[in-house]
Amino acid sequence: MLPSVHTPVRKASVFLSVHRSLPQSTPATVAVFASPTSWIESDAVAQCHQVAALDGMVHVAGMPDLHPGKGAPIGAAMASTVLYPFLVGSDIGCGIAVFPIKLKRAVPEKLAARFPDLDRPLDPEQDADDPAWAVLAGDVPAGHVEGLGTVGRGNHFVELARVDTVLEPDHAERLGLRAGELVLIVHSGSRGLGERILRAHTEVHGAGPAADVAAYLAMHDAAVRWGSLNRRLLAARVAHALGAEPTTPIVDECHNLVEIRDGVYLHRKGAAPGDGRDVLVAGTRGTPSYLVAAHAGAEANHSVAHGAGRKMSRADALRRGRAKHTVEELRRTPVGSLVVCGDRQLLFEEAPTAYKRIEQVVADLVAHDLATPVVTTVPLVTYKTPDVGSTPRTARHDQRRRRGRV
DNA sequence: ATGTAC
């Protein structure tokens, strides 16, 4: 239920709340694009108002996947005359890309076993014949070679999915998508690079504005390029391992970044650019995703949701999930897909029940005229982190292996 | 979400 501080305003048949945060010389507006029945935590709305009270803030738009983050809400687009690095967060350049992939047969059990270890960085010797290297033509942004080709943790994943329902046939055709065809969906960011950039700022300025905007933006832009490059590396790596040709993405939008738009800094944290772009709104490890044509206007800060959005904190998902689910039912989902995840804790944290219903999130985007669904995709194999082998390993061994030293 | 410290 939405907190009482919200003043619901009926707009046609949809719900939208717009109000001002006081006191401030030029008060910022807050708008949350969700229906009254959608699950939005009051803590997340409170974070929107905290952000709205910051110096220079103009407008805060909460997406239907809005949920509380560390200091700032996730699923929000925040326009300000001042650039705040913490409103982008540490995973600068995180985004979701969609790559067509052609496979003769798609048996989840067989393909799951063929996924490469995406915790291990690309190795010049071990992966010498990997076509992923071709993606690296030219310089690596910021010279950051560490972690290239790794997917990371948290909500990041690489998923082999099948195009299911085609809702906009002409648009789908333009993207080269037909029902039954396969895609790789890659959700990953700038790994250690973005984290390093935010930390360098935070150590000196905390949650304050960027002191040297040009310097921050130069590093930020490199992290955004690094993230996109890494998604291509990941897709090429997986395609190679599955015996398919690497492809270029038909969709690749970054949902953690800042851009200069209409003369202000538009920070996006878990909000994808929604101005005439195609965006993959990720479901969960066990539910469909929606590829949408986004057409969000100024009131939504030209943004759309980036996924289902967490309904439970990681701690709650772990505690409640252990009582509710077995590892087996999380590894084999209701839609028949497999989840490759050797980390039991992560499996519970990322359980579909820990997330909002993607159908409701997309319905909210549609109701507010922010996006039009083009196709749905259904997972076949979702890769999170390597399956644990039969040989017990020490934590130190796992750490070394992730860094490519074993 | 992250690398690192506990």
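In what follows, chains carry the letters A, B, and so on, assigned in the order in which the sequence lines appear, proteins first and then strands, with residues in each chain numbered from 1.
Of the charged side-chain nitrogens involved, none lies within less than 4.0 Å of a carboxylate oxygen, so that A:Lys311 and A:Asp316 do not count as a salt-bridged pair. Taking a cutoff of 4.0 Å between a charged side-chain nitrogen and a carboxylate oxygen, A:Arg162 and A:Asp164 do not qualify as a salt bridge.
Computed from coordinates, the A:His144 NE2 to B:dG3 P distance equals 8 Å when rounded to whole Å. A:Glu203 places its CD atom 13 Å from the C1' atom of B:dT4, with the value rounded to the nearest Å. Put simply, CD1 on A:Ile74 is 12 Å from P on B:dT2, counting in whole angstrom units. As rounded to whole Å, 14 Å separates atom C1' of B:dT2 from atom CD of A:Glu349. The CH2 atom of A:Trp226 sits 16 Å away from the P atom of B:dA1 (whole-angstrom rounding). Rounded to whole angstrom, the span from the CG atom of A:Leu193 across to the P atom of B:dT2 amounts to 12 Å. Atom CD of A:Glu146 and atom P of B:dT2 are 13 Å apart (whole Å). Rounded to whole Å, the distance from CD on A:Glu195 to C1' on B:dA5 is 13 Å.
For the side-chain hydrogen bond (donor to acceptor under 3.5 Å, both in side chains) with A:Asp65, the qualifying choice from A:Gln360, A:His306, A:Lys356 is A:His306, the only one to do so.
Between A:His295 and A:His302, a ring centre-to-centre spacing not shorter than 6.0 Å is recorded.
Checking the phosphate oxygens (OP1, OP2) of B:dT2, a side-chain nitrogen or oxygen of A:Arg191 falls inside 4.0 Å. Distances shorter than 4.0 Å separate none of the side-chain N or O atoms of A:Arg199 from OP1 or OP2 on B:dT4.
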